[in-house]
Amino acid sequence: MSSKQGGKAKPLKQPKVDKKEYDEVDLANIQKKKEEEKAIRELRAKAQQKGTFGGAGLKKSGKK
C-alpha cells in the first residue's frame with residue numbers, strides 16, 4: 001500500500017499581494033508607458049494593412 005493519493009494535487013495557495021501605492025511620478029510614468037504601447041500597436045496595425053515593403057519583391061532580369 002502506497003501513501004500517495006491518486007488524482008491531481010491541489011496547487012499551493014499564493015499569498016495575497018498587497019496593492020502598491022503609487023506617487024504622482026510613478027503614475028505619470030505608467031500613463032506614458034501605456035500611451036507609447038498604444039501608439040506602437042497602432043503603427044503595427046497600420047503597417048500590416050499596407051503589406052510588404054518594396055511591393056514587387058525580387059526582380060528577375062530578362063537575360064538568360
Quiz: residues 26-34 side-chain donor-acceptor pairs under 3.5 angstrom, not counting sequence neighbours:
unit_1 : atom_1 : unit_2 : atom_2 : d
N29    : ND2    : V25    : O      : 3.4
Q31    : NE2    : E35    : OE2    : 3.4

Co-members of V17 in a cluster of I, L, V, M, F, W and Y side chains, linked at under 4.5 Å:
none
Nearest 0.5 Å, please: how far is CD in Q48 from CZ in R44?
9.0 Å
Let's go through K46 and E42 carefully: what are the C-alpha distance in whole Å and the side-chain angles of both, what is the deciding distance for side chain to side chain contact (heavy atoms under 4.5 Å, CB included) to 0.1 Å, and is it a yes or a no?
CA-CA 6 Å; K46 189 181 286 187; E42 289 175 356; over 6 Å; no
Does atom CD (E37) have a neighbourhood of more than 12 heavy atoms from anything else shown, all under 6.0 Å?
yes
